Amino acid sequence: MESLLILTLIGSIWACLAGSACCQRPAVVNIGAVFTFDSVIGRAAKVAMEAAVSDVNADPSILNGTKLNLVMADTHCNVLLGFIGAFHVLEKDVVAIVGPQSSVVAHMVLQIANNLQVPLISYAATDTTLSALQFPFFLRTTHSDSDQMTALAELIDFYEWKEVIMIFVDDDYGRNGISTLTDELDKMFKISHKIPLPSLFHLREITDILNKSKLLGPRVYVVHVNPDPKLRIFKIAHQLNMMTSDYVWLATDWLSTTLDSILPMNKSSLNILQGVVVLRQHTPESSQKTTLWSRLRNYSLNVYALSAYDTIQVLARSIDKFLNEGRSTTFSLKNKFHDLNTTKMPLGKLKVFDDGALLLSILLQTKFTGLSGRFEFNSDRNIFSRGYEVINIDQTGLHTVGYWSNITGFTIQSPETLKQKRISYTHLNQTLGNVTWPGGKTAKPRGWVIADNERPLIIGVPLRVSFVEFVTVSNGSNKNIEGYCIDLFNEARKLVPYDVPYRFIPFGNGYSNPCYNDLVNNVPNGIFDAAVGDIAIVANRTRIVDFSQPFASTGLVIVAPIKNSKSNAWVFLKPFTVEMWCVTSASFFMIGAVIWLLEHRVNDDFRGPPKRQLVTVILFSFSTLFKTNQEDTVSPLGRMVMVVWLFLLMVITSSYTASLTSILTVQQLSSPIKGLDDLITSEHPIGYQVGSFAYSYLTESLYLPRSRLVPLGSPEEYESALLKGPFKKGGVAAVVDELPYMELFLSGRNDFGMIGQPFTKSGWGFAFQRGSPLAVDISTAILKLSENGKLQKIHEKWFCKKGCPGERRRKSEANQLHLLSFWGLYLLCGAFSLAALLIFLLRIVRQFARYIRQQQKESSHAEMVSSNSNSSWIHVVYKFIDFVDEKEEAIKRLFRKNDTQNQAN
């Protein structure tokens, strides 16, 4: 009984002691740091972290007497050594790991940290693929490369460069950073070339890579490598004369980190880096930051050193809150490594941090303002972006020319200054300070070079054997190439605001015109940089090359033999259509009848026997056509109608005369091909120019059988085939070719003509490789040549020695005059005639009514009644007709006589 009592007492005492131990704060809390000691970032971070631990232990408000112990391990920039270093740190029962600085090492160390539930906080691993989704115990206290690449892409967009060359280190950090930049640039422009470098690259490799890149067109380089105090890439670029005004060099924050760590810089380094633009993570100015800078002025600090210092501070405050909640830093051996049978590396000793998830939760909720700025983690467990500084390097040092943030874009004021002023931005309100570019110039470089004297632009030109006015080789030498297209290109090149060394290369065998499709295909294939000549802009070609602004309008036309229409006995009927003849003839009779009605009562010329009056009606309006009419109009209404009729007659006769003249002088087609429909439906042979796109259009678009198409190589062959006609061997019914060729062909020949208008619409332009900036600049130059009249002068020089072909081109068929062109005049004449008739009838009816009233007064009442009873409407009508037939003067005398008698009574 006593022994039982003693055991119970001992157990109670043990429980009390154990509970007290659990609630007591530990004397020391270990945190680990895994990084490369001897590196640009590592040297600065080591000093900063040691200073931060010292400040935490000296501050009684943090950890309240618990000592923070920093356990460090050197990774030597090696994945395997980083893994071993992390293992040794974790053996010390650390509650968190700071680092590593390398993104490559971070991927491996995070695998261990996740399994042991130890939070890992990196102040320098910027790889975008380090995500909380894959690594739930990972936090980042620096900017992700996602922010930096967005800033870099917008910087390229700000200066409107179209293409860039990327130089990057070939590891997770470099590849994933470039992948992010590619995604950003795809929204705007493109990375034309990607140049990977091995992690441990040598000077010979850099030299070879940069030498090869000089042969490329773009001159905007983006460098994304690890910090390099020797600045090897830029030294080699300087030796290769690649730091001149033709080049643009942009660098990510590796360069600003390097330069911050080696300041003050010597003059030779500044001379090498002159004109480089680099990004640097923005850290707001503060007294605490200045104080730390002063304390550690003998050490080379950088932005990552500030992040490392703040990471220790954030971690210490989170551990303090963790301990204040009564939690303990206990570890257990229940993990996946415990059961492993290992000999050389005792993985079984690795312990799981029991409350690691709770410490991680406290870290994520921490809000803290440190030396590098505001600390607050977002949903991706990265700190919110504080933006970047845009740094320009010249011979005097580093200069901040602006800032970038995802809120304000590019500004010359810091993001915190503008944070409350603006929440969105566009490209229009972006601003940066003046930048000194490579070569010491302040004007923005173009960012690309089309060609130089060492590698001139290779331009293919068609070696034509017909229509050589457009382009030809003179004096049998390939160096002497001339023609309309060549002169136009040379004049346009003079207006391009930069020098373009080039060399013409004739394309063709010299015996027949070359295939233009093959010429254009050689441009995207890299054989030619461009193609200059009479090249038609058609749909299938625009898919593989960029064309300049068209310098000549063109299209496919049909040319056929012609005959003169003077031998036609009925040619005088052709100016009017049938409808026009019918309406015109009817109008003559109508006007004759209207004038007779208006003049019959007042004009003796329109009175007399019925036969005479009928002849007058028929001949009067026709006689006005020849101005032989003997009858004059005396009534105002008749004269009004005559004025409108004579105006109509003047327009009709002059139009008829002009049309008939044209018909009697114009040449008419004698080919069975009268238009495009005949071209498609007939079985007659059709000629086309060798090498022209006409062949593919006729077969692929109009589906003409290939057996119907006859290749012709010169104007002489055109003429011979057309004269033979479709029924002789080698003859054709018509030739289909482009308008400029046909104008030139017809300029000296009167036996052929065009059928209708061009049935395709196209133009001639110069072909360039896709994305070539020269295509845009040449297009602008062609527009300027058109505006200042130089384009027309070049055309006249080559084609207008005996009159321009366009002016000498004749219409193949005269257009008849249609009623639609004159219906307004006919309507006007008809309206005036109808109005005159209405007025005339109103006057007659009024006079007739007065006449009837006077007749009734003169008759007795009985006679009037008898007359009314025997009268009929027919009698009234006859009486009205008789009244109308009377001369108006007689009616007026009758009215005056009755008026006198009434006054006498």
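As the structure is a computational prediction, the values presented were derived from the model and not from experiment. Residues take their numbers from the sequence shown, with the count starting at 1.
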For the [atom1] atom on [X], are there more than 12 heavy atoms of other groups (residues, nucleotides or ligands in this structure) within a distance under 6.0 Å?
{"X": "Ile527", "atom1": "CD1", "answer": "yes"}
{"X": "Arg295", "atom1": "CZ", "answer": "yes"}
{"X": "Leu215", "atom1": "CG", "answer": "yes"}

[X]: salt bridge (charged side-chain N to carboxylate O under 4.0 Å, His left out) partners, not counting sequence neighbours:
{"X": "Asp546", "answer": "Arg770"}
{"X": "Lys289", "answer": "Glu285"}
{"X": "Arg43", "answer": "Asp38"}
{"X": "Arg232", "answer": "Asp228"}

(request) Could you go through the side chain to side chain contact (heavy atoms under 4.5 Å, CB included) check for Leu273 and Val278 one step at a time? (result) CA-CA 10 Å; Leu273 295 171; Val278 59; over 6 Å; no

Using only atom types and a distance under 3.5 Å, with no angle test, would you say the side chain of [X] pairs donor to acceptor with the backbone of [Y]?
{"X": "Asp145", "Y": "Gln148", "answer": "no"}
{"X": "Gln430", "Y": "Phe410", "answer": "yes"}
{"X": "Ser179", "Y": "Asn176", "answer": "no"}
{"X": "Asn525", "Y": "Asn521", "answer": "yes"}
{"X": "Ser146", "Y": "Thr128", "answer": "no"}
{"X": "Thr126", "Y": "Ser144", "answer": "no"}
{"X": "Thr182", "Y": "Ile178", "answer": "yes"}
{"X": "Ser256", "Y": "Thr252", "answer": "no"}

Can you list, pair by pair, the side-chain donor-acceptor contacts under 3.5 Å of residues 431-451, counting residues two or more places apart and other chains?
residue: Lys444; atom: NZ; partner: Tyr159; partner atom: O; Å: 2.8

(request) Please name the residue in the list Asn302, Asp260, Thr257 that meets the side chain to side chain donor-acceptor pair (under 3.5 Å) test with Arg280. (result)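 With Arg280 as partner, side chain to side chain donor-acceptor pair (under 3.5 Å) holds for just one option, Asp260.
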
Qualifying residues under side-chain contact (heavy atoms from CB on, under 4.5 Å), relative to [X], sequence neighbours excluded:
{"X": "Ala125", "answer": "Ser103, Ala106, Ser122, Leu130"}
{"X": "Ser102", "answer": "Val104, Val105"}
{"X": "Pro198", "answer": "Phe201, Glu205"}

(message) Can you confirm if the NZ or CZ of Arg386 lies within 45° of the ring axis of Phe375 and under 6.0 Å from the centre of its six-membered ring?
(response) yes

Separation of [Y] [atom2] from [X] [atom1] (nearest 0.5 Å):
{"X": "Asn378", "Y": "Ser385", "atom1": "CG", "atom2": "OG", "answer": "9.5 Å"}
{"X": "Asp127", "Y": "Arg140", "atom1": "CG", "atom2": "CZ", "answer": "7.0 Å"}
{"X": "Ile209", "Y": "Arg204", "atom1": "CD1", "atom2": "CZ", "answer": "13.0 Å"}

Looking only at heavy atoms, which two atoms of [X] and [Y] are closest? And how far apart?
{"X": "Val225", "Y": "Ile233", "answer": "CG1-CD1, 4.1 Å"}
{"X": "Ile393", "Y": "Leu255", "answer": "CD1-CD2, 4.3 Å"}
{"X": "Ile412", "Y": "Val401", "answer": "CG2-O, 4.1 Å"}

Side chains of [X] and [Y]: is there a donor and an acceptor less than 3.5 Å apart?
{"X": "Thr75", "Y": "Thr36", "result": "yes"}
{"X": "Thr141", "Y": "Thr311", "result": "yes"}
{"X": "Asp777", "Y": "Tyr498", "result": "yes"}
{"X": "Ser405", "Y": "Thr408", "result": "yes"}

(message) Going by salt bridge (charged side-chain N to carboxylate O under 4.0 Å, His left out), name the pairs with one or both residues in residues 206-218, residues two or more places apart or in two chains.
(response)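 Found none.
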
(request) Sequence neighbours left out, what pairs pass salt bridge (charged side-chain N to carboxylate O under 4.0 Å, His left out) with at least one residue falling in residues 168-182? (result) Asp170-Arg175, Asp172-Arg175

(message) One pair to check against ring-ring contact (aromatic ring centres under 6.0 Å, His included): Phe37 and His76. What are the steps and the verdict?
(response) CA-CA 7 Å; Phe37 292 175; His76 298 281; 7.5 Å; no

(request) Would you check if the distance from the ring center of Phe137 to the ring center of Phe135 is below 6.0 Å? (result) no

(message) Walk me through whether Asn115 and Ile112 qualify under side chain to side chain contact (heavy atoms under 4.5 Å, CB included).
(response) CA-CA 5 Å; Asn115 282 281; Ile112 308 172; 6.0 Å; no

(request) Output, in order, the C-alpha distance, side-chain angles, deciding distance and verdict of side chain to side chain contact (heavy atoms under 4.5 Å, CB included) for Ile459 and Ile505. (result) CA-CA 6 Å; Ile459 300 177; Ile505 302 295; over 6 Å; no

(message) According to side-chain hydrogen bond (donor to acceptor under 3.5 Å, both in side chains), who are the partners of Tyr388, at least two apart in sequence or on a separate chain?
(response)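 So Tyr388 forms no side-chain hydrogen bond (donor to acceptor under 3.5 Å, both in side chains) with any residue.
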
(request) Go through the steps for Phe489 and Tyr502 under the test ring-ring contact (aromatic ring centres under 6.0 Å, His included), then give the verdict. (result) CA-CA 12 Å; Phe489 177 78; Tyr502 67 92; 5.7 Å; yes

(request) Would you sort out whether Leu292 and Tyr309 count as a side chain to side chain contact (heavy atoms under 4.5 Å, CB included), showing the intermediate values? (result) CA-CA 10 Å; Leu292 181 67; Tyr309 181 94; 4.1 Å; yes

Please list, one pair per line, the donor and acceptor atoms closer than 3.5 Å that link side chains of residues 235-244 to other protein atoms, with sequence neighbours excluded.
residue: Lys235; atom: NZ; partner: Lys230; partner atom: O; Å: 3.3

